[in-house]
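A note on names: the letters A, B, ... follow the listed sequences, proteins ahead of strands, and every chain is numbered from 1.
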2 protein chains.
Amino acid sequence: MRKAKVRINDENLQVSAEILRALAHPLRMKILEFIDKHKTINVNKIYNTLKLEQSITSQHLRILRLADIVQTSREGKFIHYNINYPKVAHVVKAVDSFLEEDK
Amino acid sequence: MRKAKVRINDENLQVSAEILRALAHPLRMKILEFIDKHKTINVNKIYNTLKLEQSITSQHLRILRLADIVQTSREGKFIHYNINYPKVAHVVKAVDSFLEEDK
DNA sequence: CTAAAATATGTAAATAAAACGATGTAACAA
DNA sequence: TTGTTACATCGTTTTATTTACATATTTTAG
């Protein structure tokens, strides 16, 4: 099956690299997996369960938010995090088609 | 289509993050794309065509080599770089299944 | 053997990211 | 109100990455 090949310009490279950077941290991946596992979950649960510092957790969540990898919704005092699956799928697809043996 | 869900341990997280980090740099992505485009190519062609410094190019290639994203073969004075597609595919698949909506 | 070409590596300086602790803000409960 | 909980952000220190330049290594040509 022949796949479409995406030719990438410098701006795209910058953006793609930024998103990959956001993913490329063990703690962030762990947090993401945790959110994923629960579909939606608040910050307290994340850092208590994973035994992380509150501020560190918030900072990593911020990076994920800025990269648009997660989304939030407030419910009273709580802020629920959930994964932006379309975005993740997009990233995966981008890396996939960016380097593709079958031209 | 239901996909297999990979539960990931700390070591896997570390390894995945390392590979993603190697990918997550605009210049490295540019170099990778260039290698990809040519299937196999030497360092000279890379830095001359992309207008990069020789040592910087070598240093980024080193990072890609250590992450096992590219492979090399020597032919006389020249060292040919080519992409380790199975590895890239593996990374893509890992990210893909790591965060997967369909459980 | 010596010189030059192709590539890699060492290292210092610059820059960026991470961690840490403290403070800020919003929502709610008393 | 005031206090407390949930979360975010700020300022600083620590650590990692990137760049830049010089030097080293390997191979080949002369």
Side-chain angles (χ1 to χ4, degrees), chain A residues 10 13-35 38 40-84, chain B residues 10 13-35 38 40-84:
Chain A
D10 279 17
L13 283 178
Q14 196 61 49
V15 172
S16 304
E18 270 166 29
I19 295 167
L20 287 176
R21 274 205 127 87
L23 287 175
H25 189 286
L27 222 52
R28 286 196 289 272
M29 294 187 75
K30 195 169 192 168
I31 290 170
L32 275 176
E33 196 207 10
F34 190 72
I35 297 172
H38 294 270
T40 179
I41 193 149
N42 64 62
V43 181
N44 228 300
K45 281 269 170 58
I46 296 172
Y47 72 80
N48 275 314
T49 310
L50 300 181
K51 312 263 183 250
L52 307 173
E53 290 252 342
Q54 180 269 321
S55 83
I56 291 182
T57 306
S58 255
Q59 281 172 147
H60 283 299
L61 286 172
R62 181 172 198 270
I63 290 168
L64 293 172
R65 244 189 298 123
L66 292 177
D68 201 26
I69 293 167
V70 295
Q71 293 167 329
T72 60
S73 58
R74 181 181 274 274
E75 194 193 324
K77 284 190 295 188
F78 298 91
I79 296 193
H80 297 284
Y81 275 78
N82 61 282
I83 292 181
N84 184 352
Chain B
D10 279 17
L13 283 179
Q14 195 62 49
V15 173
S16 305
E18 269 165 30
I19 296 166
L20 286 175
R21 240 169 41 219
L23 288 174
H25 189 283
L27 222 51
R28 287 196 288 275
M29 293 186 76
K30 194 168 193 167
I31 291 170
L32 274 176
E33 196 206 11
F34 190 72
I35 298 172
H38 294 270
T40 179
I41 194 149
N42 65 60
V43 182
N44 229 299
K45 280 269 171 57
I46 296 172
Y47 73 78
N48 275 314
T49 310
L50 301 181
K51 313 263 184 251
L52 306 174
E53 291 253 342
Q54 179 269 321
S55 83
I56 291 184
T57 307
S58 254
Q59 283 172 135
H60 284 298
L61 286 172
R62 181 171 198 271
I63 290 168
L64 293 173
R65 246 189 296 121
L66 293 178
D68 201 26
I69 292 168
V70 295
Q71 293 167 330
T72 60
S73 59
R74 180 181 275 273
E75 196 192 323
K77 285 190 293 189
F78 298 91
I79 297 195
H80 296 285
Y81 274 78
N82 61 280
I83 292 180
N84 184 354

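- In this structure, the nucleotide among dA8(C), dC21(D), dC7(D) sitting nearest to the side chain of I79(A) is dC7(D).
- As rounded to whole Å, 14 Å separates atom C1' of dA24(D) from atom CZ of R62(B).
- The CD atom of E18(A) sits 13 Å away from the C1' atom of dA16(C) (whole-angstrom rounding).
- Nearest approach of L13(B) to P26(A), heavy atoms of both residues: CD1-O, 3.8 Å.
- Note: M29(B) CE to L23(B) CG = 7.0 Å, rounded to the nearest 0.5 Å.
- Side chain of R21(A) to backbone of A24(B): a donor-acceptor contact under 3.5 angstrom is found.
- At the heavy-atom level, Y81(B) lies under 4.0 Å from the strands shown only through sugar-phosphate atoms.
- For N44(A), no side-chain nitrogen or oxygen approaches OP1 or OP2 of dT5(D) to under 4.0 Å.
- Atom-to-atom, CG of L23(B) to P of dT18(D) comes out at 12 Å; the value is rounded to the nearest Å.
- Taking 4.0 angstrom as the limit, H60(A) places a side-chain polar atom (N or O) nearer than this to OP1 or OP2 of dA19(C).
- Residue I56(A) contributes atom CD1, which lies 17 Å from atom P of dC7(D) at whole-angstrom precision.
- With dA8(D), dC20(C), dT11(C) as the choices, the nucleotide that has an atom nearest any side-chain atom of Q54(A) turns out to be dA8(D).
- Across dA17(C), dC21(D), dA27(C), the shortest atom-to-atom separation from the side chain of Q59(B) is found for dC21(D).
- Rounded to a whole Å, the CZ atom of R21(B) is 8 Å from the C1' atom of dA16(D).
- Candidate nucleotides dT7(C), dA18(C), dT27(D) were compared by shortest atom distance to the side chain of F78(B), and dT7(C) ranks first.
- A straight line from CD of E53(B) to P of dA8(C) spans 15 Å, rounded to a whole angstrom.
- The side chain of H25(B) lies closest to dT18(D) when the candidates are dA18(C), dG11(D), dT18(D).
- The distance between atom CD of E75(B) and atom P of dT7(C), rounded to the nearest whole Å, is 11 Å.
- For N42(B) and dA6(C), the shortest distance from a side-chain N or O to OP1 or OP2 is not below 4.0 Å.
- Proximity note for R65(A) (side chain, C-beta onward) versus dA8(D), dT7(C), dT28(D): the nearest is dA8(D).
- Listed here is the closest heavy atom pair of A22(A) and L64(A): O-CD2, 3.8 Å.
- By the 4.5 Å heavy-atom criterion applied to side chains, L61(A) and I35(A) are counted as neighbours.
- Looking at the side chain of S55(A), the nearest of the listed nucleotides dA19(C), dC7(D), dC20(C) is dC20(C).
- Looking at heavy atoms from C-beta onward, S58(B) lies in side-chain contact with Q54(B) at the 4.5 angstrom threshold.
- In the set dC7(D), dA8(C), dC28(C), the nucleotide with an atom closest to the side chain of S58(A) is dC7(D).
- For R74(A), counting side-chain heavy atoms from C-beta on, the closest listed nucleotide (dA19(C), dT9(D), dA27(C)) is dA27(C).
- Rounded to whole Å, atom P of dA6(C) lies 5 Å from atom NZ of K77(B).
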